[in-house]
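Reading through the C-alpha cells given below for one structure.
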Number of protein chains: 2
Amino acid sequence: MRVLVVEDDIELQGQLSRMLEHSGFQVNLAADGQEGLYYATDYDIDVAIIDLGLPKMDGLELINRIRDKDLDFPILVLTARSGWRAKVQGLDSGADDYLTKPFQPEELMARVNALLRRASGKTHTKIVHGPLALDLKKKTVLNGDLEMDLTAFEYKVLEHFMMHPKVIVNKARLVDCLYDYNEEKDSNVIEVIIARLRKKLELQAKFKPIETLRGRGYRFNPDNHDGSG
Amino acid sequence: MRVLVVEDDIELQGQLSRMLEHSGFQVNLAADGQEGLYYATDYDIDVAIIDLGLPKMDGLELINRIRDKDLDFPILVLTARSGWRAKVQGLDSGADDYLTKPFQPEELMARVNALLRRASGKTHTKIVHGPLALDLKKKTVLNGDLEMDLTAFEYKVLEHFMMHPKVIVNKARLVDCLYDYNEEKDSNVIEVIIARLRKKLELQAKFKPIETLRGRGYRFNPDNHDGSG
DNA sequence: GAGACCATTAATTTGCGATTAAGCCAATCA
DNA sequence: TGATTGGCTTAATCGCAAATTAATGGTCTC
C-alpha cells in the first residue's frame, strides 16, 4: 500500500512518514502541491494525505487537479482551520475525509485504514445513463462531451436521479437530498430546481429524461430521448 | 409504524415516547442495550432511536449486534458527545443518522420521518399476480410487458389490492388508502376509481381481477382471467 | 318489482406542477 | 468594507391533468 503525503511542515512530514512506514506503508513525500501532483500522477497511489495550507499550489486546488486527472484514490485532508465551512469545502471538492490539526496519531491511522477499507469495496465512482456521465468523486456531470454547469442543488437532485433511475421519487424524498432536515410543506423548491435542470439538460443535448408523474413525483428515465415528461 | 427507543434516561424516554406516539407511531421502549436487542429481534421494527451511552451494552455494540442479525431498519443515533469522531464512528458502524443532545423535538421527528422515507425506497420487492407485476420501489405496475399509466389514486388502490389478494376489502378501507383523514360518507370516489382501474387493466391484457361483492366490498382475485366481477 | 347498491360517463372543480420574476443572502472581489 | 455576483427562496400566475361530483342506467336482493 502506497501513501502520498503532501505536507510542507518538515516536522509533521517526518512524523507522518514514520508512523505510516511503521504500519507497513510505502510513503511518498511531497512538500508542495506541484510535487504532490507529480507523485499522484506518476505513482500508483492507494491513499493520499494532503494538507490544505500548501505553498505553490493550494491543497484544494491539488485535490481538484487530482480528480480532474480521473485519479480516484481516497484523500484525507489535514486542516488547521477548525471552521465548519473549510471542512465541508474539503469534502465537497473531492476529498473523502478530513482531520483537524493537531490530531492523535492513532486517529490518523484509523482513518487511513478506514478509507482503504471503504475504497476496496467501492467499484464504480461513475454513473452513466444515456449521454450523461456523473462522476461521484469529482461531483461533475458530462452531458455528451460538455461538462454541465450545475449548482449545488441541481447536482444533488441529478445525482439522486442517476443513482435511482426509473424509480418514481416523491418530492419529500428529493427535499431530503437538499437539506439535512426539513419538514417544510409549502415550498416549491423542487419544481424550480427540476425546471432549471430540465432546461440545462435539454440545452446541450435535447435530452428530456425527467418525467412528471402528477401527484406521485418525478422519474428519471434515460431512455426518453424525446421526452414524455 | 413501529419505533424502537433505546434510552436509559427516564425523563428523555418519556419525552420521546410522548412525541412519537403523538405522531401516530407505535413505540417500544428499552432502557439498555440488552433489552433493545430483544425488541429489535422479536418485533417488526421500522426505525430505531438509540442512545450511544447505555448501561449493560454500549450503543455502538447494540448497533453492531443488530446489523449482525441482518436487521436492516434505519437507526438514528443520539449522542451527548459533540465530537465529530463519535459521529463518524456511529455512521460507520451501521447507523444511518445521528443527533447531538440536546435537540429540538421537531428536528428529531423530521429526521425520523426522513429516515423512513429513505428506507421505503430500499425495499426492492416485487409483487406478481397473473400478468401484473408491481414494483414497490419503483412504484410502477407492469401489465404484461407494458407499464400501466396510473394516477396516484389508481396506484394506491391497486397496490393495496395486490398486497392483499383474495381478501374482501370494504370501501371504507380503500378510502383510507387514498386520504390520511377522511370521514366523508356520500362519495362515490371508490366506484369511479375502480371503474377506471378495471378499464385500464382490461385494455392491455383482458384481465378482470377485481370482483364486486355487493354490500361487502371488492376483492382482488388474480385467478379470474375471464372475470366474475 | 321496489329499493339499495353499483357501473359508467360526463361535467365541473380542484389543486398540482410549470414557469417566471423579484427578493434575499452569502461568498467573493475590489 | 462596500459592491457585485450567483444561487437559493418565495411568490404569483397559468394551464391542465386528475379528482370530485352529479346524473343516468344497470343489476342484484329480498
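Below, chains carry the letters A, B, ... as their sequence lines are ordered, and counting in each starts from 1. Keep in mind that this is a model prediction, so the values were computed, not measured.
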Considering only [options], which nucleotide approaches the side chain of [X] most closely?
X: B:Arg198; options: D:dT10, C:dT19, C:dA7; result: C:dA7
X: A:Ala195; options: C:dT19, D:dC8, C:dG17; result: C:dT19
X: B:Ala152; options: D:dT20, D:dA12, D:dA19; result: D:dA19
X: A:Tyr218; options: C:dA7, D:dT21, C:dA18; result: C:dA18
X: B:Asn188; options: D:dA22, D:dT9, D:dA12; result: D:dA22
X: A:Lys171; options: C:dA7, C:dG17, D:dT10; result: C:dG17
X: B:Glu191; options: D:dT20, C:dT9, C:dT8; result: C:dT8
X: B:Tyr179; options: C:dC6, D:dT9, D:dT20; result: D:dT20

Integer-rounded Å distance: [N] [atom2] and [X] [atom1]:
X: A:Leu197; N: D:dG7; atom1: CG; atom2: C1'; answer: 14 Å
X: B:Arg196; N: C:dA10; atom1: CZ; atom2: C1'; answer: 11 Å
X: B:Tyr155; N: D:dA18; atom1: OH; atom2: P; answer: 16 Å
X: B:Ile193; N: D:dT21; atom1: CD1; atom2: C1'; answer: 13 Å
X: B:Arg216; N: D:dC28; atom1: CZ; atom2: P; answer: 15 Å
X: B:Glu154; N: D:dA18; atom1: CD; atom2: C1'; answer: 9 Å
X: B:Asp149; N: D:dA18; atom1: CG; atom2: C1'; answer: 12 Å
X: A:Ile190; N: D:dT10; atom1: CD1; atom2: P; answer: 13 Å

hbond_proxy A:Asp186 side chain to D:dT10 base (donor-acceptor, 3.5 Å cutoff):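 No, the side chain and the base share no sub-3.5 Å donor-acceptor pair.
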Donor-acceptor pair under 3.5 Å, B:Arg214 side chain vs D:dT27 base: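 Present.
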Aromatic ring proximity A:Tyr179/A:Phe153, centre distance under 6.0 Å: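 Under 6.0 Å, so yes.
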OP1 or OP2 of C:dT9 under 4.0 Å from side-chain N/O of B:Lys199: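 Yes, B:Lys199 has a side-chain N/O under 4.0 Å of OP1/OP2 on C:dT9.
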C:dC5 OP1/OP2 closer than 4.0 Å to side-chain N/O of B:Thr212: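 Negative; the distance criterion is not met.
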Evaluation steps, salt bridge (Lys or Arg N to Asp or Glu O under 4.0 Å), between B:Glu147 and A:Arg219: CA-CA 14 Å; B:Glu147 180 178 323; A:Arg219 175 165 59 181; 2.8 Å; yes
Candidate pair A:Asp72 and A:Lys126, rule salt bridge (Lys or Arg N to Asp or Glu O under 4.0 Å), full reasoning: CA-CA 10 Å; A:Asp72 63 355; A:Lys126 285 182 185 139; over 6 Å; no
Lys/Arg N to Asp/Glu carboxylate O, A:Arg67 vs A:Asp135, below 4.0 Å: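 Not counted as a salt bridge, because no side-chain N and carboxylate O are separated by less than 4.0 Å.
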A:Phe220 and A:Phe161 aromatic ring geometry - parallel, tilted or perpendicular at 30°/60° bounds: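 Rings of A:Phe161 and A:Phe220: parallel, under 30°.
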